[in-house]
Structure formats: C-alpha cells, structure tokens
Trainee: 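Below you will find the structure I want to go over with you.
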Amino acid sequence: MLVNLHVKNFALIDEIDVDFGRHLNILTGETGAGKSILVGSINIALGARVSPEMIGRNGDHATVEAVFQIENENTLEKLRELDVYPEDGQLVISRKITENRSVNKINGESVAVSVIRKAAALCLDIHGQHEHQSLLSRERHLEIVDEYGGEPVEKLKRKIAGLYREYRAVQQEMEQDDLPADERSRRIGFLQYERDEIDAAHLTQEEMDSIEDDFRLASHAGTIVETLGEVHEYCGDAVSGAVGRSLKKLGDIEDFDPSIAGFSEELLQIENLLNDFNREISSFMDDFSFDEGELNQMQSRLDQIHALQAKYGDTCEEIMAYRQRAEEELARLSDYENYCLERQKRFEELQGELETQCAALTKSRKKTAKRLEKEIVAALSDLNFAHVDFEIQIAPKEHFSAQGKDEVEFKIATNPGEPKRSLEKIASGGELSRIMLAIKSVFADSDEIETLIFDEIDVGISGRTAQKVSEKMNVLGKSHQILCITHLAQIAAMADRHYAIEKAVEKDRSTTRIRLLSPEEAEEELARILGGVEITEAVRESAREMKRLAREQKNYA
C-alpha cells in the first residue's frame, strides 16, 4: 500500500509530506484547492511525463517521492523479475524533475522511467480522467476475464504459450530459410569451413584461461631473469657475511647484559631466512627457462584463439555451442528436401494443436464471460445503474498469439434504448470510475494491486447513487487501500481516514496543503460539504448523523 507521499516544489505545492493508512482514505477540499495537483504529483511518481512548467517557485527542480509497503508475495516476485528488490517489503520511488531531465530512482538506485512505470503499475492503479485508466485497454479486458476464469483458463494459456513459441520459431525459420540451390551449396561450404576451423583448434577452457598469463610471463622472461639476478647479488655473500659478523660481535658482549642474547636470536632468525631466500631464488633461476621459439609458438596460438573468439564467442563453451549450431544447420541443408518436408509436417501439427487449444480456451472464456457479466451487472445495479446493459464481447482474431486467438472487449449501455458502446467511448470519467469500482468489487478478494485511487468517482451522482457508491467503496476498502477524492458527503462520511486539501495564501502566494483531520475536524468538513457557505448547528448535526450511520454500516459490513 502507499504509506507516504512527499512532494516538494511542484506547481502550487511548496512541500507536503503525508502518511496514508489502510482501508478507505478520503480526500476532500474546496474547488480549486489543488486536488488535481495532488493526483498529478502521484501520477508523476508513477512515471508520467511532466512539463518543466510545473516546477514551483522555490528552486530549479521539483521532487516527488512515493513509499509503498508491499505485502503480496506475487507482487514482490513480479518486482524481482524487473530487478527491483524491496527492502523488508518497502519500495521507495523518487523522481527529481528539472528543466531538462528527470532523475528516477527506486530504493536509491537510478533506473529508467520505464522501470518505474512497470513497478508502480504493480502497486497502484488510478481510476478517473487520467492516463492510468487501465480499464480502457482491451488487453486489460482480456486479463480481467482470464483472471476470473482462474486456473482452468491459466492452464490452457500456459499450454498455448508453449505451443505458440514453437509455432513462431518454425514459422520464422520457414520464412527465412528458403534458399536457392546455389546459395545453399555456398552456405554448406561456409559452415563446413567454420566447423573444421573450430575442430582444428582443439580448444579447452583450461588453456583459454591460462594462455594470457603464460604468454605474459614468457614475454617478460628476460626482465625476470635479470631482475632476480640483481636481487640475488644484493642479498648474497656480502649481506650474509655482514650478518655473520654482526652475530659474532653480539656474542662478544652477551655476558655483559643477558638481554643482548635476544638480539642475537632475532638476527640468527634473519640469517636463516636470508639463506633460505637466497637458496630459493637460486633454485628458481636454475629451473627458469626461456626459449624464443616457444614464445613465438605461444604468440601464434594466442592469435589463433583471439581470432576464434572474435568470430564464435568469448568462452570455449560459446565457441563449441556455435559449432553445434553449425553442425545442426549442416545436417538440415545436406538433406534439405526431407528436412523441409518434416518441418512443414511439424508446422501443420502445431497449427492443428493451436487451433484445438485456442478453441478450448475460447469456449472457456465465453463460459467465464457469461458468469462475469452477471456479477458485474449485479455490482453495477448496486451502484444505481438502474438500466445497465453490459456485455463482454469475445471475437476471433485473425492470427494466433501467446494469449490465444481471442479479442475481448467490454461494452456497455447505461441508459435504456442506447446501443452498447466500448468503454473508451464513454465520456464521463465518473461513470468509468463507477464501472471500475463495480469490477473491482467483484475481484475484491483476488486482485493483487493493493492500492486504488478513485478520482472524480462522484461526477454526476447524488442522493441514493452516492450512498450506494459509498457502501461499495467501504466493501472494497476492506481488502484494498483506497484513496478517493470526492465532493460528496455520503462518500466522505465512510472515511477510515479523512484528509483535507486546502489552498492557503501567504505573502501574496497561493500554496496547496494536505492534512489528516481529527474526528471532530472530519465532522466539520462534512458540515462544510453539506452546508456550503453557512454552516449551521443543524448542518453540523446532520454531519454527525452521517458519520454515525457510516460507522454502523462499517460494523454491519
């Protein structure tokens, strides 16, 4: 869930830092207080594009940071697939917006904005008149139906995905591998040359790992021998003689002071170490050999290995894998006609299997869609869509895909006599938000996106419809974190936490602020929504009554 939002120097926001809670978080405020700016800042945290004109007046950059606490293990796994690793389940998305660029980070590490978009989409969904309206995407419609279908649908999809990968591989090979006889002959000759070149090298990974170091040692053999000779001379008889004479001198005075014997013991150890050192250097120099011809052979071998690496791969394993692919292609081209016949046969088998499995998936989806339609219509009716006509349309696609061969689209008519239309053609953001609210309520127990934001969900509704929306919002808030921006008292009364978005004028400057209201302040805010300009005691009593009824509704639910 979204636990914290920090925004600095964005539009009219100087700086806000707000903590959100579980369940239903309601945000209200006067028209023009900056509710759209707040949602805009969340959108930026999710990776939306931003104009430099939105940078505020307190510096040359704006900062937006959103902190999520991820509790769903599947979501954590999907984040890890993006190379995003929450620390103790915490995901911190931050964006610094300047005039020319944005600096994007997740948990302190710089990432591309595309990664932020993908990660944020797993954590939060915004519904309203904004670009995160996932319900407008037909791909999302397919996902919703398949999610409702559960394991039977997923099992078919996994099987189809495997068949489709092989089908496409065979199809692409057929498209790319139609070689005339003369080109095929040239290709066979080239592949044979590559195979034979690799075989003639007799490569091993052990040699490839060591030859660079061996060559470096051999090429510096002269310097090594010369330097070791000088060291042996420095540490030879002259030094050993000096140490021996020093030991004799110390022996002459040991009787005068017993502690001098300690110096003798130390120097004796040094003499022994020095003698060992000189013997080891002498032995190393005796064994060390340098052959100009061997160096030339090593240089030639190294050039051969480098040439193979440039053509076939950096490691012995990669080079041998290239050889294996060449051998397999040789086998195909050498018996090309039979290979093509076998390949065509396999292609037709895959095509037939895909047709069968896709037909089974289509049947399962249509069965699922009928059940889901009924549930969504019931949920829409609960939200006071009195005469709603909702249909999940499943149409065949021309070509196979990893998702099957279906195109799914949600269509709806919200008034009697109207034709059903695609959701993307519905003009009202409020209607679209209520439709999503209905769908989300159907999936309340299984939806993995933990945080939902509903903006302008109350456009064009009042009275009983508003009450129905508030009750549905309360139900959805039991399994999700909800942030809802509203103008309606019925919805605001259901708040588990109520925030006020306010515009303040300080030193002839307007700024937007947000603060968590106490229970008493929340009742006063309800009274403001109910009463308008003049808030009487009767209006306050109505606000208190609405909160009481909301608490009863929550306890009942």
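When a residue number appears, it is its place in the shown sequence, counting from 1. The model shown is predicted, which means the values in this text are computed figures rather than measured ones.
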Trainee: With sequence neighbours left out, what residues match Q69 under side-chain hydrogen bond (donor to acceptor under 3.5 Å, both in side chains)?
Mentor: none
Trainee: Salt bridge (Lys or Arg N to Asp or Glu O under 4.0 Å): which pairs involve residues 82-103, sequence neighbours left out?
Mentor: none
Trainee: Can you tell me how far OG of S114 sits from NZ of K118, rounded to the nearest 0.5 angstrom?
Mentor: 5.5 Å
Trainee: Quick one: side chains of residues 366-379, donor-acceptor pairs under 3.5 Å with protein atoms, not counting sequence neighbours, listed by atom name and distance.
Mentor:
residue: T368; atom: OG1; partner: S364; partner atom: O; Å: 2.9
residue: E373; atom: OE2; partner: I392; partner atom: N; Å: 2.7
residue: E375; atom: OE2; partner: Y148; partner atom: OH; Å: 2.7

Trainee: With sequence neighbours left out, which residue pairs that include part of residues 7-25 fulfil the salt bridge (Lys or Arg N to Asp or Glu O under 4.0 Å) condition?
Mentor: D14-R509, R22-E71
Trainee: Name each donor-acceptor pair under 3.5 Å that joins a side chain in residues 153-165 to protein atoms two or more places apart or in another chain, with its distance.
Mentor:
residue: K157; atom: NZ; partner: D146; partner atom: OD2; Å: 3.0
residue: K157; atom: NZ; partner: Q403; partner atom: OE1; Å: 3.2
residue: R158; atom: NH2; partner: E151; partner atom: OE2; Å: 2.5

Trainee: Side chains of T28 and H498: do they bring a donor and an acceptor to under 3.5 Å?
Mentor: yes
Trainee: Does anything in residues 399-425 pair up under ring-ring contact (aromatic ring centres under 6.0 Å, His included), and if so which pairs, sequence neighbours excluded?
Mentor: H141-F410, Y167-F400, F390-F410
Trainee: By salt bridge (charged side-chain N to carboxylate O under 4.0 Å, His left out), which residues pair with E524, not counting sequence neighbours?
Mentor: R540
Trainee: Which residues satisfy the salt bridge (charged side-chain N to carboxylate O under 4.0 Å, His left out) test with E409, sequence neighbours excluded?
Mentor: R138
Trainee: Check side-chain hydrogen bond (donor to acceptor under 3.5 Å, both in side chains) between N100 and all other residues, then give those that pass, not counting sequence neighbours.
Mentor: none
Trainee: With sequence neighbours left out, what residues match T362 under side-chain hydrogen bond (donor to acceptor under 3.5 Å, both in side chains)?
Mentor: D406
Trainee: Can you sort out the partners of K420 under salt bridge (charged side-chain N to carboxylate O under 4.0 Å, His left out), two or more places apart, ordered by chain and number?
Mentor: D389, E391
Trainee: For F10, what residues pass the ring pair (Phe, Tyr, Trp, His ring centres under 6.0 Å) criterion, not counting sequence neighbours?
Mentor: none
